[in-house]
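Since we're looking at a predicted model, the values are computed, not measured.
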Amino acid sequence: MWYDKIVQIFKVEELRNKILFVLGVFVVFRLMANIPIPIIEIERLQEFFANSQVFGLLNVFTGGALSKLSIVMLGIGPYITSVIIMQLLTMIFPRLERLYKEEGQQGKQKFNQYGRYLTVPLAFLQGFGMLTLLQRRGAIGNLGILQMLSALTTAAAGTMFLVWLGELISEKGIGNGVSLLIFAGIIARFPSNMQQLVVGWDPSQIPSYLAFFIISVLIIAGVVIVNEAKRNIPVSYSKRVKGRKVYGGSSTYLPLSVNPAGVIPIIFALAILLFPGMLSSMLSGVGNEIISNAAQALGAFFQNPWVYNIFYFLLVSMFTYFYTSVTFDPNSIADNLKKMGGFIPGIRPGESTTEYLYFVLYRVLPFGAVFLASIAIMPSIIAAITGVQSFQFLVGGTSVLIVVSVVLESMRQVKSQLQMREYETF
């Protein structure tokens, strides 16, 4: 039973310590999310974030830290942006691509280090844009040069501290640290979302609430099924004779995920899709009438639900292909199979295997991309149909994908740790 597994998890000292470490980091993160930057008064912020779709969505991913202008108000957004930029640069600069793909673990560590360097100026830039916008909207008072510099330094330091915590989780805990911190921020909003639902309860909308709840459960079930779905490619290993012993000759399979990119495309798409709204908000208050009118028109264009959802769908689909092409390399898989004496039945090793892997990948990937994009826009469509807006952020496509994916990945890692423990005992 499931409770036997939980007992078993906490009986293994190493696994128990890893889980407790992750929970301890979550506590530190939540404490920091509630410590505001001292020089800023935040009385008017709550109303501003409640009335802004763009900043309300950003606030969800920081676990409410942005609406409180806490010392970690930027979350790990600048780091995610730096990762997007670095991944895009691999398509422009062959040296970066070789560093990421061909130089092994050491090359990836150096590539990630460049991403951390880029995070610092991005954090200052993003923080400056955010504070300037909030000043123009009257959400906070005007800041002097020293006050602005102090606030930006604090916000950038908070972001880098979160990046460090994420790396600690990846190194000493269970799962991917950055994903777990985003997960913690989303889950932290659950009580307030439930409170909004209770406060805004309307008995006349009970059928809509039931329909919304059923569809939400179906969305979560679909995410689980597709995340776990695999296209198994059969692989055989030729027999080798050494002396009087015969090695190899076994058959296995190469699992190819239906959604190999995970939740990264939807995060990338969201980061780009929120940019026009932020740009519009920043430029709509400038003195130049032409720029102000153009900014307002841009904001109104992307406020249209149809426009927003169409662009969201297309961006998620595009980034699914892009991120898969960056992280999944059929050439290296084919070379590794050839070196180990493995082959796909009916396919010649080498270039033919690479072509076959590409063939299978681009047969499976469209389904994963369309499903991912559909899940991203589904909650807003359903909320428009049912009229229930209270759960839109709680069960939004991005939130569901991140939460479910992180939980599934963490469960897989816990399961593998338990299996290793059983093998060691045996």
Side-chain angles (χ1 to χ4, degrees), residues 83 86-87 90-91 93-112 170 175-176 179 225-265 319-372 405 408-409 411-420 422-424:
V83 170
M86 291 298 296
Q87 296 285 4
T90 59
M91 303 181 68
F93 300 103
R95 176 70 184 91
L96 272 179
E97 185 178 12
R98 288 195 301 270
L99 182 69
Y100 184 75
K101 290 185 176 181
E102 300 176 10
E103 297 188 14
Q105 190 63 30
Q106 186 176 0
K108 287 187 177 181
Q109 287 178 356
K110 187 178 291 186
F111 183 87
N112 293 335
S170 300
N176 180 277
S179 299
I225 291 171
V226 173
N227 270 5
E228 294 294 291
K230 301 286 189 295
R231 166 65 162 89
N232 293 330
I233 301 175
V235 176
S236 299
Y237 290 90
S238 56
K239 294 182 180 180
R240 291 174 297 169
V241 179
K242 286 188 178 181
R244 296 182 178 180
K245 294 184 178 180
V246 178
Y247 298 91
S250 60
S251 296
T252 181
Y253 59 86
L254 176 68
L256 187 62
S257 178
V258 173
N259 179 27
V263 299
I264 299 299
F319 274 117
T320 301
Y321 278 88
F322 165 72
Y323 191 75
T324 301
S325 67
V326 171
T327 57
F328 184 81
D329 188 6
N331 286 307
S332 63
I333 294 175
D335 289 341
N336 291 333
L337 285 176
K338 188 176 181 179
K339 291 175 183 177
M340 293 185 294
F343 62 93
I344 299 173
I347 306 296
R348 293 175 63 87
E351 186 176 345
S352 297
T353 299
T354 301
E355 293 175 356
Y356 180 77
L357 290 175
Y358 273 117
F359 173 80
V360 175
L361 175 65
Y362 289 111
R363 283 289 190 277
V364 172
L365 197 56
F367 176 79
V370 170
F371 177 82
L372 200 63
S405 298
L408 290 175
E409 179 61 28
M411 288 173 60
R412 277 194 291 268
Q413 293 205 20
V414 169
K415 186 177 179 180
S416 65
Q417 294 274 346
L418 290 175
Q419 288 177 343
M420 288 175 59
E422 290 173 2
Y423 290 145
E424 290 173 0

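- The side-chain contact (heavy atoms from CB on, under 4.5 Å) with Pro330 is formed by just one residue from the set Thr354, Asp335, Leu256; it is Thr354.
- Residues meeting the side-chain contact (heavy atoms from CB on, under 4.5 Å) test with Asn112, sequence neighbours left out: Arg116.
- Scanning for side-chain contact (heavy atoms from CB on, under 4.5 Å) contacts around Leu254 gives Ile233, Val235, Ile333, Leu357, with sequence neighbours left out.
- Closest approach of Val364 and Val258 over heavy atoms only: CG1-CA, 3.5 Å.
- At least one side-chain heavy atom of Asn331 sits less than 4.5 Å from a side-chain heavy atom of Tyr358.
- Contact between Pro345 and Pro234 at its shortest, heavy atoms only, is CD-O, 3.4 Å.
- For the residue pair Pro255 and Lys230, the shortest heavy atom distance occurs at CB-CD, 4.1 Å.
- For the pair Thr353 and Arg348, the tightest heavy-atom approach, listed with the atom from each and the gap, is OG1-O, 2.8 Å.
- Taking the six-membered ring for Trp and thresholds of 30 and 60 degrees, Phe371 and Phe367 have nearly parallel ring planes, at less than 30 degrees apart.
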